[in-house]
Structures are given as C-alpha cells and as structure tokens.
Asks: 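Below is a structure I'd like to ask you about.
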Amino acid sequence: GMLAGTEGLGGIYFANPWFAKSIGIIALIFIIFYGGLDTEWGKIRPVMPEGIVLATFGVLLTAAIVGYFSMLVFKFSLLEGMLLGSIISSTDAAAVFSILRSKRVSLKGSLRPLLEFESGSNDPMAVFLTISFISFLMNKDIKPLGLIPMFVIDMGIGILMGIIMSKIILFILKRLKLDSIGLYPVLTISLVLLTYSLTVVLKGNGFMAVYIVGLLAGKHGFLYKNTVVKFHEGLAWLMQITMFLTLGLFVFPSQLKPIISIGILTAFALMFLARPISVFLCLAPFKINLREKLMVSWVGLRGAVPIILATFPLLANVPQATMIFNIIFFVVLASVIIQGTSIPFVSKILKVNTPLTEKRRYPLEFEKTEGIDANLMDLIVPYNSIAEGKTISELNISRKSLIVLIARGEEFIVPNGSTMIESGDVLLVLAKEEELEKLQKTLATLKPK
C-alpha cells in the first residue's frame, strides 16, 4: 500500500476517509462474522466467563491505560488519549493463529479457546468505545455517565438482534434448497449484511449482532456448512488484506518522521503496560496460573480492526485525527513484528506450548445435516492392536458403523470386508458417537503377551 501510494512508486493518491471507512465497516462485518462462525462452542463454553470479562472490561482497561499514558507523555487531552486507546484496544485472532500454525506451535489447555473467544468477541466493544469518544470530542454537552445507558442499549439491542436473526438465518439455511452449492455463500453474505443493517437502524451494535449470528450459526449444522465456513474464512482474510492495503495508501511517509518516537512509545506502552495490567486484573478472580496470564498478555496482536477504526476520527474531523492514524500505523507494525514473530519463542519460554497436531486431509468431505445422526472420525490403529493382521469382516464391527476409507502412509485405500488392517492405519469411520467409542476401545485393545 505504501509503495503504491502518493509518495511511493505507484503514485496513487488516496485520501478519502469516507470511502475508506465504508470499506472498513464492510470488512469488519465479515471479519467479526467469521470470528464467531469459526469458534467451536464446545471448547469456548468452559472459558466464556474469562473471555467475556477480557472482551469487555479488558478492552476498557486497555483503552483507559493507553489514554492516561498518552495524556501524561504526549500532552493529549484525556478524551483524545482515550480515543487512541479505544482504537487499539482489541486483539486479532486470525493473525495470532496463522503464526501459531506456520510455526507449528499450539497452546496448552484452555489458552487457545480463551484467546479465540476473546479475540472474536472484543471488536464490538472497541467499536463502541471509539464511536463514543468521538461523540464526546465533537459534542461537549454529552456527559461521560451517559456512556452507561448508551452501552446497555447498544449492546442489548445488538445481542437481541443477533439471537433473533440467527434463528431466522438458520431456518432459511436449513430449508432453502438452491440450485447451486456456490449460491449458499452468496446467501450468507446478504443475510449477514441484512443483520448488521437492521440492527444499526434499531440503534443497536451491528457488529455484536453479526458476531452472535456467526457464533450461533457455527454451533448448529446447516446445508453445506463446510463450504460456507471455508468461503468466509477466505473472505475474512481478503478483508484484512484490503484494510492493510488501505492503511498503506493512507500513510504518507513524510508525515511519519516527526512522530516515530511517539508511535514506538505507544506501541511499547500497549504491549508492556496496558495489555498485561488489563489481563492480570481481569483474570485475577479465575484459576489461571502466572505463566498462562503472561502468555495471554503477550498474545495481544493488533491487526485489521485498528486500521478500520482509525478512519473514524478522520471522517469526523476530530482534532489530532491524522496524528492518531499515523500512531496506529506504528502500533500495528510493531505488534506484528515484535509480538507476532516472538509468540512461538515466548510460548516455549513460558512452557505453555504443545506440538501442533495437523489434521490430516482426506479426498472426501462429510457435511453433517439434519436427518444424519452420525459423525465422520479418524481412528488410529496402534502398534500391537488386536485388530492388526485381521480383515475388516473379522473385527465384528457394528452394522451401524462404516469404515469409508483407510489412510496407510501416503496411500488411501477404499476398503471392503476382506481388507487387512495394519498397525499405523488411520480408519475414517462414519458412525454415531457411541459406536465410534466402541470401535476406538476395540482398536486400543492390545494383543496378549
């Protein structure tokens, strides 16, 4: 983006904050929707209290600490500092876990679901705070205490609309039969945009509504769910790329030199002061050890959302808006370079990492829909299992279970009753959960010595 911009090789002049904000809102809608859609309900349910506290009070504390720091060090007014803090108060899940996957690192226990839930659900709070402090700056008659009823109404309508629209959307997705599978992602795009628009018209938080829709849709099955999820994953990444490109086009390198020190100081205040303090205070009531709290503190990667929110004060002609935008540039860049590249190293130092188990890809997919009370699961045949050396027919597998594929090394075998089982085979089995458990116990039984 910077290379293509006015002062770069491309020479493209782009300084339209209204257009950038419009793109940003659309991008944020789909980023937040996918954050909810990709969240596994079963894993996040045990950590929901911690996640909700981090996504609300954690965001508020982060904004307040950065705001106070900016007032003391940079001579911003308190409201200007709070606006800066609000813009950079939310974390970015997609960037964090793409780094963990690329470095083949996973996190122990409930750390990963906690970070996923926090990152997916804290954007609406950051948006709310950003809009609120812009309102305070532009209208001196608004009282800070007015933030409380405004928050309750904003979030309340957002949550209610999210629940209502999720039921409507699931009803449509489960019953509407379209001629082409490719139309289902198109349908979800229109329904997500409709959810946001209706909620905003009703004076609610459209981003919260979209997140709730994604979360509840991800919890239930519907037609061609895998296709829809994969499409929205790609769309969310495209939206993030778009916003980073927009940031680059908006940045004028000649304006950065005077505020390099301010930008770096803000980034360090966020990483080493605001984020750790907010995390430790929010997680104090919960049974989370010191090393886990330190890891949660460090995994506070900033991404596309601050870029989008930084266009809001530009459009509102807020004092210091250009300076705030340029500071955001340094914060996002420093977060990606310093935190992003060091997450695998820090997880090892804190001993909260586990090897990343990559899910094997198979040349077939299973779409669980209504009317099919079964799951597709891969079961490993251990060394010296009683199944080793036997044919499938000799295993006396329940008629309610079906071995649809065997992965042996790099090969895939379509089995029949006479297919011999070998140790190390991975059996792809279609069955009910109780039948899968029975077969797993059979395979885990070892031959007598």
Asks: Do the side chain of Ser335 and the main chain of Arg302 share a donor and acceptor less than 3.5 angstrom apart?
Replies: yes
Asks: Would you please name every residue forming a salt bridge (charged side-chain N to carboxylate O under 4.0 Å, His left out) with Lys203, sequence neighbours left out?
Replies: none
Asks: Partners of Asp123 by salt bridge (charged side-chain N to carboxylate O under 4.0 Å, His left out), sequence neighbours excluded?
Replies: none
Asks: Would the number of heavy atoms belonging to other residues, nucleotides or ligands and lying under 6.0 Å from CD1 of Ile380 be above 12?
Replies: no
Asks: Any sub-3.5 Å donor-acceptor pair from Glu7's side-chain atoms to Ser254's backbone N or O?
Replies: yes
Asks: Please examine the side chains of Val229 and Tyr34, heavy atoms only from C-beta on, and report whether any two atoms are closer than 4.5 Å.
Replies: yes
Asks: Between Val228 and Lys225, does the side-chain contact (heavy atoms from CB on, under 4.5 Å) criterion hold? Intermediate values first, please.
Replies: CA-CA 5 Å; Val228 170; Lys225 181 178 176 181; 5.7 Å; no
Asks: Are Phe74 and Phe69, when compared by the centres of their aromatic rings, separated by less than 6.0 Å?
Replies: yes
Asks: Please step through side-chain contact (heavy atoms from CB on, under 4.5 Å) for the pair Leu176 and Phe171, ending with a clear verdict.
Replies: CA-CA 8 Å; Leu176 189 63; Phe171 179 84; over 6 Å; no
Asks: Quick one: closest heavy-atom pair of Ala20 and Thr311, and the distance?
Replies: CB-CG2, 4.0 Å
Asks: Kindly list each side-chain donor-acceptor pair under 3.5 angstrom involving residues 207-215, sequence neighbours excluded, with atom names and distances?
Replies:
none

Asks: Would a 4.5 Å heavy-atom cut-off, applied to side chains only, mark Leu83 and Ile134 as touching?
Replies: yes
Asks: Could you tell me whether the side chain of Ile23 reaches within less than 4.5 Å of the side chain of Met243, counting heavy atoms only?
Replies: yes
Asks: Determine whether Phe57 and Ile52 make a side-chain contact, defined as any pair of heavy atoms from C-beta on separated by less than 4.5 Å.
Replies: no
Asks: Flag the pair Asp38 / Glu233 as yes when at least one side-chain heavy-atom distance between them is below 4.5 Å, and no otherwise.
Replies: no
Asks: List in chain and number order the residues that pass side-chain contact (heavy atoms from CB on, under 4.5 Å) with Gln255, two or more places apart in sequence or in another chain; answer none if no residue qualifies.
Replies: Phe252, Thr322, Asn326
Asks: For Pro17 versus Leu315, what's the shortest heavy-atom pair and its separation?
Replies: CB-N, 4.0 Å
Asks: Scan side-chain atoms only and decide if Trp298 and Ser342 contain a donor-acceptor pair under the 3.5 Å cut-off.
Replies: yes
Asks: Is it true that Ser119 and Thr91 share a donor-acceptor pair across their side chains at a distance under 3.5 Å?
Replies: yes
Asks: Quick one: list whatever passes side chain to side chain donor-acceptor pair (under 3.5 Å) with Lys230, sequence neighbours left out.
Replies: Glu365
Asks: Between Ser77 (side chain only) and Glu80 (backbone N and O only), is there a donor and an acceptor less than 3.5 Å apart?
Replies: yes
Asks: Heavy-atom distance under 4.5 Å between the side chains of Leu238 and Phe30, does that happen here?
Replies: no
Asks: Of the non-hydrogen atoms in Ala63 and Leu129, which two are nearest, and what is the gap between them?
Replies: CB-CD1, 4.3 Å
Asks: Shortest non-hydrogen contact from Leu216 to Ser166?
Replies: CD1-OG, 3.2 Å
Asks: Go through Arg291 and Met295 one step at a time and tell me if the side-chain contact (heavy atoms from CB on, under 4.5 Å) criterion holds.
Replies: CA-CA 6 Å; Arg291 287 182 286 108; Met295 192 65 207; over 6 Å; no
Asks: Assess whether atom CZ of Phe14 is packed by more than 12 heavy atoms of other residues, nucleotides or ligands within 6.0 Å.
Replies: yes
Asks: Heavy-atom distance under 4.5 Å between the side chains of Leu436 and Lys432, does that happen here?
Replies: no
Asks: Compile the donor-acceptor pairs under 3.5 Å between side chains in residues 271-288 and protein atoms, sequence neighbours left out, one pair per line.
Replies:
{"unit_1": "Arg275", "atom_1": "NE", "unit_2": "Val296", "atom_2": "O", "d": "3.3"}
{"unit_1": "Arg275", "atom_1": "NE", "unit_2": "Ser297", "atom_2": "O", "d": "3.4"}
{"unit_1": "Arg275", "atom_1": "NH1", "unit_2": "Glu118", "atom_2": "OE2", "d": "2.8"}
{"unit_1": "Arg275", "atom_1": "NH2", "unit_2": "Glu118", "atom_2": "OE1", "d": "3.3"}
{"unit_1": "Arg275", "atom_1": "NH2", "unit_2": "Val296", "atom_2": "O", "d": "2.8"}
{"unit_1": "Arg275", "atom_1": "NH2", "unit_2": "Val299", "atom_2": "O", "d": "3.3"}
{"unit_1": "Ser278", "atom_1": "OG", "unit_2": "Thr62", "atom_2": "OG1", "d": "3.1"}
{"unit_1": "Ser278", "atom_1": "OG", "unit_2": "Ala274", "atom_2": "O", "d": "3.0"}
{"unit_1": "Ser278", "atom_1": "OG", "unit_2": "Arg275", "atom_2": "O", "d": "2.9"}

Asks: So Ile88 and Thr266, do their side chains get closer than 4.5 Å, heavy atoms only?
Replies: yes
Asks: Can you see which heavy atom on Met150 is nearest to which on Ser132, and at what distance?
Replies: CE-OG, 3.4 Å
Asks: Please give me the minimum heavy-atom distance between Asn205 and Pro124, naming the atom from each residue.
Replies: ND2-O, 3.4 Å
Asks: If we ignore hydrogens and angles and just use 3.5 Å, is the side chain of Thr6 paired with the main-chain N or O of Ile12 as donor and acceptor?
Replies: yes
Asks: Quick one: do Leu54 and Asn122 satisfy side-chain contact (heavy atoms from CB on, under 4.5 Å)? Show the steps, please.
Replies: CA-CA 8 Å; Leu54 283 172; Asn122 63 9; over 6 Å; no
